[in-house]
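Numbered from 1 within each chain, the chains take letters A, B, ... in sequence-line order. Predicted, not measured: the structure shown is a model, and the values here were computed from it.
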2 protein chains.
Amino acid sequence: MPEAQYPEIRTLALFSGMTDAHFEALMRGAYVQNFPPQIDLISEGEPSDFLHVVLSGSIDLYSEWNGRETSMATVLPISTFILAATVRNAPYLMSARTLEKSRIVLIPSQDVRAIFDVDGNFARAIVGELGQCYRAVIKAQKDLKLRSSLERLANYLLRQQKRAGGAADFDLMFEKRRLASVLGMTPENLSRAFKGLQPYGVAVNGTHISIRDQQDLERFARPNPLIDDHAI
Amino acid sequence: MPEAQYPEIRTLALFSGMTDAHFEALMRGAYVQNFPPQIDLISEGEPSDFLHVVLSGSIDLYSEWNGRETSMATVLPISTFILAATVRNAPYLMSARTLEKSRIVLIPSQDVRAIFDVDGNFARAIVGELGQCYRAVIKAQKDLKLRSSLERLANYLLRQQKRAGGAADFDLMFEKRRLASVLGMTPENLSRAFKGLQPYGVAVNGTHISIRDQQDLERFARPNPLIDDHAI
DNA sequence: GCCGCGCCTTGACAATTATCAAGCGCCTTC
DNA sequence: GAAGGCGCTTGATAATTGTCAAGGCGCGGC
């Protein structure tokens with residue numbers, strides 16, 4: 001892998017604490033690849049051969065069972081995915097596909113495990129990352145089990161609004177079909193859910209969202225940091 | 001904490017790889033406590049002051065939002081809980097209560113973090129544990145998003161059967177009200193779901209389950225290792 | 001034994017969510 | 001500019017799941 005790419009990867013919390021020697025050992029076996037949109041990168045059930053790092057673009061993590069499919073999460077630059085499968089040397093639990101043209105670093109899993117075995121700082125960084133991932137899934141599960149689809153959508157919009165800077169107007173980051181799957185509903189139901197939020201001052205125009213009455217929407221959504229705050 | 005308790009804790013994968021000195025440093029600040037049933041040990045939102053280890057009994061991890069409550073998981077001896085909150089020094093995302101009379105070790109979180117900072121083997125053990133926890137929640141989420149309540153119950157029964165030794169007859173491990181909450185449904189709906197599995201050869205008598213036609217139930221449940229196998 | 005309590009079940013009904021089938025609108029392509 | 005494709009929306013309908021109220025059953029206490 002070309003050294004020019006190193007800096008942006010090195011700045012990741014996961015890699016910033018390790019020694020130069022270990023980092024370079026990791027990068028030696030790694031390579032960067034560009035993928036077009038809608039390309040399957042990994043399939044659930046396969047052995048975890050590579051740790052992936054998204055440099056640009058975006059990735060959909062999804063799962064299938066019995067002919068059904070659901071989006072589990074979206075990975076945005078710059079971050080890694082399938083870390084847990086790599087460190088446990090276990091099969092992937094989710095599949096991954098590019099949503100758009102994406103630039104991905106592939107680091108052989110055995111190299112990650114080898115460095116992990118000898119570099120305490122790397123192990124500690126992985127703990128930080130895994131702990132965050134774990135807590136993110138717990139939050140998602142609380143969202144799913146404790147809220148109706150209308151409440152999930154309302155809180156999703158409030159989270160997106162905050163991510164987009166907090167203004168009353170912002171744009172959805174991906175297509176509604178996928179949003180529906182992430183929120184655990186059908187596209188039809190999402191359409192109706194948007195209508196169901198109109199009384200609370202939510203206006204939708206394509207991917208553009210306007211929150212006319214912040215107070216009103218929040219009164220309905222009842223956002224909770226232990227579910228919605230991704231920083232803690 | 002009395003040294004007599006050390007061995008059973010020491011055998012946990014989490015603690016078995018660390019040096020004696022570090023282990024004893026951890027145990028110095030720890031103490032064991034007995035709790036009666038139905039006692040709240042921690043509440044979501046509180047700072048994570050202690051890492052907990054269940055020596056005997058059982059613990060319900062649950063969450064609340066907007067007046068609703070759901071069971072997230074059950075912790076059985078001997079294992080730890082709220083490890084992620086401890087290592088990230090973040091507030092608990094779930095509450096915990098004893099289901100029965102339970103014996104719990106409380107290890108000050110700051111001690112855990114201090115040893116974690118200096119003991120690479122401990123850090124690696126935590127990675128193993130967190131990775132497993134993460135993957136368990138991902139499986140639970142796939143179960144929730146991809147299956148109907150009837151399918152979740154059918155697969156739950158097959159998992160329990162395997163845990164109980166694989167015989168056609170076995171007993172549920174906790175009361176149906178809680179099972180319903182774990183499976184993400186109401187008690188009434190669980191009752192009907194049991195009836196709905198009768199055509200597939202499932203007989204229920206109180207907490208006792210008989211699987212009359214293994215093939216038939218499996219054909220309906222379609223268990224999948226990437227959701228149902230807790231070992232991988 | 002009998003009572004009372006808690007849990008589970010059942011039935012009737014309501015709300016939520018999914019499915020199926022059009023139809024609309026926008027964008028691309030030719 | 002017309003045609004076609006694709007994603008989104010809408011309506012009608014069905015399936016799933018939840019709610020409320022009542023009743024049964026078992027178990028411990030008196």
Atom pair distance, as rounded to whole Å: [atom1] in [X] and [atom2] in [N]:
{"X": "B/Arg177", "N": "C/dT9", "atom1": "CZ", "atom2": "P", "result": "13 Å"}
{"X": "B/Leu183", "N": "D/dT17", "atom1": "CG", "atom2": "P", "result": "12 Å"}
{"X": "A/Glu175", "N": "D/dC6", "atom1": "CD", "atom2": "P", "result": "12 Å"}
{"X": "A/Asn205", "N": "C/dC24", "atom1": "CG", "atom2": "C1'", "result": "14 Å"}
{"X": "B/His208", "N": "C/dC8", "atom1": "NE2", "atom2": "P", "result": "17 Å"}
{"X": "B/Leu190", "N": "C/dC7", "atom1": "CG", "atom2": "P", "result": "15 Å"}
{"X": "B/Leu197", "N": "C/dT9", "atom1": "CG", "atom2": "C1'", "result": "16 Å"}
{"X": "B/Leu153", "N": "D/dT16", "atom1": "CG", "atom2": "P", "result": "15 Å"}

### Summary
Sorted by chain and number, sequence neighbours left out, side chain to side chain donor-acceptor pair (under 3.5 Å) with B/His208 holds for B/Asp169, B/Asp171
## Note on the structure
By side chain to side chain donor-acceptor pair (under 3.5 Å), A/Glu218 pairs with (sequence neighbours left out) A/Gln214
#### Entry: Chi angles and distances behind the side-chain contact (heavy atoms from CB on, under 4.5 Å) call for B/Ile211, B/Phe170
CA-CA 9 Å; B/Ile211 294 180; B/Phe170 61 96; 3.8 Å; yes
### Task
Please tell me if the side chains of B/Phe220 and B/Asp213 come closer than 4.5 Å, counting only heavy atoms from C-beta onward.
no
### Under 4.0 Å protein heavy-atom contact, by nucleotide of nucleotides 15-21 of chain C - B base, S sugar-phosphate only
--SSBB-
### Task
Choose from C/dC8, C/dT10, D/dT10 the nucleotide whose nearest atom is closest to any side-chain atom of A/Lys195.
D/dT10
### Considering all heavy atoms, the nearest B/Glu64-A/Leu146 contact
C-CD1, 3.9 Å
### Message
Quick test of your reading of the model: are A/Arg103 and A/Glu8 salt-bridged, counting only N-O distances below 4.0 Å?
### Response
no
